[in-house]
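First the structure, in the form of structure tokens, and then the observations on it.
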Amino acid sequence: MSAVVTPAVLPTAALRDAADARHDAGFRWLLTATAVFVLVTLAGAALSMLWGGRSVLAHMGLDFFITSDWNPVEDRYGALVPIYGTLVTAVIAMLIAVPVSFGIAFFLTEIAPRWLRAPVGAAIELLAGIPSIIYGMWGFFVLMPVMRENLFPWLDAHLGPLPVIGALFRGPPIGIGMLTAGLVLSIMVIPFIAATMREVFKTVPARLKESAYALGATRWEVSRDIVLPYTRSAVIGGIFLGLGRALGETMAVTFVIGNSVAFTASLLEPSTTIAALIANDFGEATETYRAALLLLGFVLFLVTFVVLALARLMLRNLSRREGNA
């Protein structure tokens with residue numbers, strides 16, 4: 001027996017549908033406003049730095065980006081040294097952090113006993129929460145003496161005489177330089193990359209790994225042929241996020257890089273990065289020098305933006321190859 005719909009029910013349902021439509025529209029506009037706010041804030045920060053450094057850009061032109069003469073006394077500014085130091089220290093950090101992070105993540109998801117996974121995972125999260133200045137102080141008081149007394153002399157004696165790569169490992173054993181800064185940065189970004197890899201490794205279906213083990217695959221073969229292909233996009237995204245952190249780090253690098261604006265190809269000699277140079281000199285800079293530092297901040301913004309844009313492009317290409325787009 002069919003139910004009888006009274007006329008009073010129809011207006012109530014229509015009012016409820018209209019209210020739901022208004023709520024959906026308001027929610028959609030609210031989310032759109034938050035996205036626009038992020039874009040406006042990002043563009044405003046970049047343009048404000050560019051506008052603040054317009055006088056130096058007009059005076060130096062493209063020489064600001066391709067020359068290494070940084071002399072505030074004579075109003076000559078060449079950003080090649082801090083740009084080079086930023087890129088080199090970040091590359092060193094990633095060369096160390098990526099394989100170590102992969103090993104930590106695979107150990108926690110595949111090898112470690114269950115009673116050990118929680119303490120090690122908590123330790124990684126604790127490392128991620130330590131302030132960067134603590135890493136800088138540790139690098140200055142603990143790591144730098146070890147580099148000065150052991151690693152730097154060995155590198156200079158054994159790798160310095162080599163014809164091609166020797167220029168990277170020649171220099172006085174003073175303990176500070178791009179290599180030390182890269183090591184400190186690697187320790188800082190390892191928790192972020194390892195935590196990301198650990199979470200995405202957990203998403204791999206257990207049936208795939210168990211099938212591979214049943215066919216006689218080793219743990220290395222499972223990680224190479226099962227885990228990495230399944231989580232490739234997320235792993236690359238986590239790596240680039242760690243790279244973005246390494247590019248913009250300030251205090252930890254300032255303690256151990258030496259803060260020298262003289263160009264050198266050696267990883268064992270003092271240099272500087274964009275963030276370290278701004279942090280050291282911004283408080284006492286004159287008006288023209290402050291404009292140069294603001295323009296240098298815009299360069300750091302561009303470098304970080306290019307890195308993250310490349311990450312997005314790589315992830316999109318991988319997604320298309322996998323048939324997801």
Side-chain angles (χ1 to χ4, degrees), residues 41-94 132-133 135-136 176-182 184-185 188-189 240-267 269-311:
T41 303
L42 190 64
L47 293 177
S48 64
M49 289 184 289
L50 180 61
W51 180 258
R54 66 189 186 280
S55 59
V56 174
L57 183 61
H59 174 66
M60 297 293 299
L62 293 179
D63 290 340
F64 180 83
F65 305 97
I66 60 177
T67 60
S68 59
D69 185 12
W70 188 271
N71 191 339
V73 177
E74 299 180 3
D75 285 338
R76 294 201 306 268
Y77 305 100
L80 183 61
V81 173
I83 293 174
Y84 176 75
T86 301
L87 295 177
V88 170
T89 53
V91 169
I92 294 173
M94 300 312 294
S132 61
I133 193 172
Y135 284 106
I176 58 176
M178 290 182 285
L179 181 58
T180 306
V184 174
L185 281 178
M188 292 188 62
V189 301
F240 275 92
L241 287 177
L243 178 57
R245 170 69 188 273
L247 288 171
E249 180 51 44
T250 305
M251 293 309 301
V253 175
T254 304
F255 271 88
V256 296
I257 198 169
N259 304 305
S260 171
V261 293
F263 183 82
T264 175
S266 175
L267 304 179
E269 295 186 12
S271 185
T272 190
T273 64
I274 295 175
L277 183 58
I278 294 174
N280 281 325
D281 296 354
F282 195 84
E284 301 177 357
T286 61
E287 183 176 356
T288 304
Y289 192 18
R290 188 177 295 113
L293 294 177
L294 287 172
L295 185 58
L296 201 59
F298 178 74
V299 173
L300 180 59
F301 176 87
L302 286 182
V303 171
T304 307
F305 178 79
V306 169
V307 168
L308 297 181
L310 290 176

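Only heavy atoms go into these numbers, but all of them, side chains included; no hydrogens, no water, no symmetry mates. On a predicted model such as this, the values are computed, not experimentally measured, just so you know.
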Testing the basics here: between [X] and [Y], what is the closest heavy-atom pair and its distance to 0.1 Å?
| X | Y | answer |
| --- | --- | --- |
| Ala252 | Ser132 | CB-O, 3.5 Å |
| Gly136 | Val256 | O-CG1, 4.1 Å |
| Met178 | Thr264 | CE-O, 3.9 Å |
| Gly258 | Ile176 | CA-CD1, 3.6 Å |
| Asp75 | Met60 | O-SD, 4.5 Å |
| Ala90 | Leu247 | CB-CD2, 3.6 Å |

### Task
Assess whether side-chain contact (heavy atoms from CB on, under 4.5 Å) is satisfied between Leu57 and Leu50, documenting all intermediate values.
CA-CA 9 Å; Leu57 183 61; Leu50 180 61; 4.0 Å; yes
#### Entry: Derivation and outcome, side-chain contact (heavy atoms from CB on, under 4.5 Å), residues Thr273 and Ile83
CA-CA 6 Å; Thr273 64; Ile83 293 174; over 6 Å; no
Enter the distance from [X]:[atom1] to [Y]:[atom2] here, rounded to the nearest 0.5 Å.
| X | Y | atom1 | atom2 | value |
| --- | --- | --- | --- | --- |
| His59 | Phe64 | NE2 | CZ | 11.5 Å |
| Leu294 | Trp51 | CG | CH2 | 13.0 Å |
| Asp69 | Tyr77 | CG | OH | 11.0 Å |
| Leu293 | Phe298 | CG | CZ | 15.5 Å |
| Met49 | Leu295 | CE | CG | 10.0 Å |
| Thr254 | Glu249 | OG1 | CD | 8.0 Å |

### Query
What pairs with Arg54 under side-chain hydrogen bond (donor to acceptor under 3.5 Å, both in side chains), at least two apart in sequence or on another chain?
none
### Task
State which residues pass ring pair (Phe, Tyr, Trp, His ring centres under 6.0 Å) with Tyr84; sequence neighbours excluded, sorted by chain then number.
Phe263
### Message
If the condition is ring pair (Phe, Tyr, Trp, His ring centres under 6.0 Å), which residues does Phe255 pass it with, not counting sequence neighbours?
### Response
none
May I ask you to test the [X]-[Y] pair for a side-chain heavy-atom distance under 4.5 Å?
| X | Y | result |
| --- | --- | --- |
| Thr272 | Asn259 | yes |
| Thr288 | Ser55 | no |
| Leu296 | Trp70 | yes |
| Ile92 | Leu185 | no |

### Query
Can any side-chain N or O of Thr86 pair as donor or acceptor with the backbone N or O of Ile274 at less than 3.5 Å?
yes
